[in-house]
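Okay, so here's the structure we're looking at.
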Amino acid sequence: MKNKTPNKYGIAAAVVGVLMMIFGIYRGEAEAVLAKAVRICLECIGIG
Amino acid sequence: MDKKQRSKKQKSTEAPRHIFQLLWAVITNSFVTGFIQGRIYTGSLKNLCVPGLNCYSCPGALGSCPIGSLQSLISSRNYKFTFYVSGFLIFIGAVFGRFVCGWLCPFGLVQDLLHKIPFPKKLRTFRGDKILRKLKYVILLVFVIILPMVIVDITGQGDPWFCKYICPAGMLQGGLPLTLLNEGLRDTIGFLYAWKFVILAITVILSIIIYRPFCKYICPLGAIYSFFNKISVFTLRCDKEKCVECGKCGKVCKMNVDPKEAPNHSECIRCGLCEKNCPTGAISCNWKTGSNKNSENIKPENNDEY
Ligand code: SF4
Ligand code: SF4
């Protein structure tokens, strides 16, 4: 029977993930990601 | 069924997945102006990460690469740890597991297509294959986490070591198109560019011979998602009552997983090939919704083969 429903650990981990994302956004991390991503990453393309 | 017939059947059963992968890759890299003008998208969608390995310096990229973002925050003097990107990876891993690798990663698609190029002797496995699969975890730990965090300059800023020295997706999606389209960047090419070009060339050649070598041995993102395969909501199941132990599922699996023994093996990319090739319908890829009548007999989450 235990396999009938979605894995509870999976659901719990997904909830933890969402909470961490919300806290990260609150800390301003989404803007930091944006700031990095809107400039050409010279390291990524093999120049920097 | 002879070899030719078998590969023909695999081809037809894989087409829907490849169409899905292609559509996803096109949608998430649809900033056409970037390809015309040799620049990248700078809009607010780049706040968000995409689930697969997708360089954010690709001229078409609308979202951010999770591995690039992870390193950029870990190496930043202001953060050193990222709740946002770690939370994103945990969420995507917990819901999808390595389904992302099979269906939502452009670099996975590139390797899938390269492996379709005929070659006299394709390598299914080789001595050292099992141990080499652990390399991606070392790369995750050393190049994505430790080095960007620890080796910093005088201002406390580190480098994205994986992006800089290893990632062939950055060269394929960002380096090649941008240097072709942008004269200013072309003039700055040096040793690092050559180094990354060689890595890409090796990856391309190996992908023709071995199925997804980068995913199996190098990719830190696949390594992260592999931790979640056993608990992810999207999962693979083998119904023991229907299974006749013919072994077809294990034979068709190009990731060398035996889904009847280890349906949630860390190397399974949820491509669905085993499900399509099972003669009794014992294998199913789904969301564990309770629709399976023999759920009590389903094989338990299993020990790793590697
Ligand atoms: S292992 Fe990495 S490159 Fe391969 S499909 Fe998964 S995320 Fe993409
Ligand atoms: S076990 Fe099945 S779904 Fe997983 S990689 Fe192998 S063939 Fe694909």
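This structure is a prediction, so every number in the text was calculated from the model and none was measured. Every chain is numbered from 1, with letters handed out A, B, ... down the list of sequences.
Of all heavy-atom pairs spanning A:V33 and B:S64, the tightest one is CG1-OG, 3.6 Å. In plain terms, the two heavy atoms of A:M21 and B:G87 that are nearest each other are CG-C, 3.6 Å. In this structure, A:A13 and B:I231 approach most closely via the heavy-atom pair CB-CD1, 4.0 Å.
The part of A:L42 that comes within reach of chain B is its side chain, from C-beta onward, which places non-hydrogen atoms under 4.5 angstrom from that chain. For B:N78, no part lies near chain A; criterion is any non-hydrogen pair under 4.5 Å. Interface remark: B:T179 contributes side-chain atoms only to the contact with chain A (heavy atom separation under 4.5 Å). Of the two parts of B:K196, only the side chain, counted from C-beta on, holds a non-hydrogen atom closer than 4.5 Å to a non-hydrogen atom of chain A.
The side-chain heavy atoms of B:Y56 and A:K36, taken from C-beta on, include a pair separated by under 4.5 Å. Annotation: side chain of B:L185 is in contact with side chain of A:I47 (closest heavy-atom distance under 4.5 Å). The closest side-chain heavy-atom distance from A:E43 to B:W161 is not below 4.5 Å.
Among the candidates B:P160, B:G93, B:C55, B:S69, the residue making the largest number of heavy-atom pairs closer than 4.5 Å to chain A is B:P160. Ranked by non-hydrogen atom pairs under 4.5 Å with chain A, the options B:C163, B:A169, B:A194 are led by B:C163. Comparing B:T82, B:L45, B:T188, B:V95 by heavy-atom pairs within less than 4.5 Å of chain A, the highest count is held by B:T82. Counting heavy-atom pairs under 4.5 Å between each of B:Y193, B:Y41, B:Y79 and chain A puts B:Y79 at the top. Looking only at heavy-atom pairs under 4.5 Å with chain B, the residue among A:A35, A:A14, A:G28 that has the most is A:A14.
To the nearest 0.5 angstrom, B:Y84 atom OH is 13.5 Å from A:R27 atom CZ. Atom CE of A:M20 and atom CD1 of B:I90 lie 4.0 Å apart (nearest 0.5 Å). Rounding to the nearest 0.5 Å gives a distance of 12.5 Å between CD1 of A:I45 and SG of B:C167.
With a 6.0 Å radius and a threshold of 12 heavy atoms from other residues, nucleotides or ligands, B:F197 has its CZ atom at or below the threshold. Within 6.0 Å of the OH atom in A:Y9, the count of heavy atoms belonging to other residues, nucleotides or ligands does not exceed 12. Annotation for B:R186: atom CZ counts as buried by contact number, over 12 foreign heavy atoms lying within 6.0 Å. Within a 6.0 Å radius of NZ in B:K80, more than 12 heavy atoms belonging to other residues, nucleotides or ligands are found.
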Check: Do A:N7 and B:V233 pass the side chain to side chain contact (heavy atoms under 4.5 Å, CB included) test, and can you show the C-alpha distance, the side-chain angles, and the key distance before you say yes or no?
Finding: CA-CA 6 Å; A:N7 190 313; B:V233 179; 5.7 Å; no
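Of the possible polar contacts, none joining the A:E29 side chain to the B:L73 backbone as a donor-acceptor pair under 3.5 Å is found. Judged by distance alone, with hydrogens and angles left aside, the side-chain atoms of B:S57 form no donor-acceptor pair with the main-chain N or O of A:C44 at under 3.5 Å.
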